[in-house]
Amino acid sequence: MTPQRWYLYLIECESGAYYAGITNDLERRYTTHCAGLGAKYTRANPPVRLVGFSAYPDRSAAAMAEWAIRQLPRQAKIDSLRYIVRPLPSRSQAAC
């Protein structure tokens with residue numbers, strides 16, 4: 001059996017804030033956020049675009065990365081995107 005990959009993802013919200021989350025099905029989870037059925041935060045602050053993601057070997061590693069990025073102040077979060085998160089192809093960065 002192939003181990004399941006987990007992903008840390010970042011969403012830019014209408015408010016200009018960034019939302020970090022983890023999932024094992026990135027496309028499904030982002031679609032859920034866009035439909036207003038995702039996390040409480042993204043229901044109140046609708047997503048504008050999926051900024052990017054990073055893959056991890058298991059849920060524990062993804063959760064630790066999510067915790068770390070959530071601890072950063074806004075500017076550090078923005079500055080760290082190029083190191084933490086792989087950008088998506090341009091067609092995947094379309095608005096919800």
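Please read all numbers here as calculations on a predicted model, not as lab measurements.
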Participant: Taking Arg29 as the fixed residue, which of Ile22, Ile11, Asn24, Thr23 is the one that meets the side chain to side chain contact (heavy atoms under 4.5 Å, CB included) rule?
Facilitator: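 The residue from Ile22, Ile11, Asn24, Thr23 that satisfies side chain to side chain contact (heavy atoms under 4.5 Å, CB included) with Arg29 turns out to be Thr23.
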
Participant: Let me confirm one number: the CZ-CG distance from Arg70 to Leu10, rounded to the nearest 0.5 Å.
Facilitator: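 Nearest 0.5 Å value for the CZ-CG distance: 9.5 Å.
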
Participant: So which heavy atom on Tyr9 is nearest to which on Leu26, and how close?
Facilitator: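 Looks like CB-CD1, 3.6 Å.
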
Participant: Taking only residues two or more places apart in sequence or in another chain, which ones pass side chain to side chain donor-acceptor pair (under 3.5 Å) with Glu27?
Facilitator: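 Partners of Glu27 under the side chain to side chain donor-acceptor pair (under 3.5 Å) test: none.
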
Participant: The criterion is side chain to side chain donor-acceptor pair (under 3.5 Å); which residues satisfy it with Arg59, sequence neighbours excluded?
Facilitator: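 For Arg59, no residue satisfies side chain to side chain donor-acceptor pair (under 3.5 Å) once neighbours in sequence are set aside.
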
Participant: Go through Tyr18 and Val51 one step at a time and tell me if the side chain to side chain contact (heavy atoms under 4.5 Å, CB included) criterion holds.
Facilitator: CA-CA 9 Å; Tyr18 288 97; Val51 176; 3.7 Å; yes

Participant: I need the minimum non-hydrogen distance between Ala65 and Leu8, along with the two atoms involved.
Facilitator: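 Of all heavy-atom pairs spanning Ala65 and Leu8, the closest is CB-CD2, 4.0 Å.
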
Participant: Without placing hydrogens or testing angles, list every side-chain donor-acceptor pair under 3.5 Å for residues 34-42, not counting sequence neighbours.
Facilitator:
residue, atom, partner, partner atom, Å
Thr42, OG1, His33, ND1, 2.7
Thr42, OG1, Ala39, N, 3.4
Thr42, OG1, Ala39, O, 3.2

Participant: Between Tyr30 and Leu50 (side chain of the first, backbone of the second, donor and acceptor by atom type, cut-off under 3.5 Å), is there such a pair?
Facilitator: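 Yes; at least one donor-acceptor contact below 3.5 Å.
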
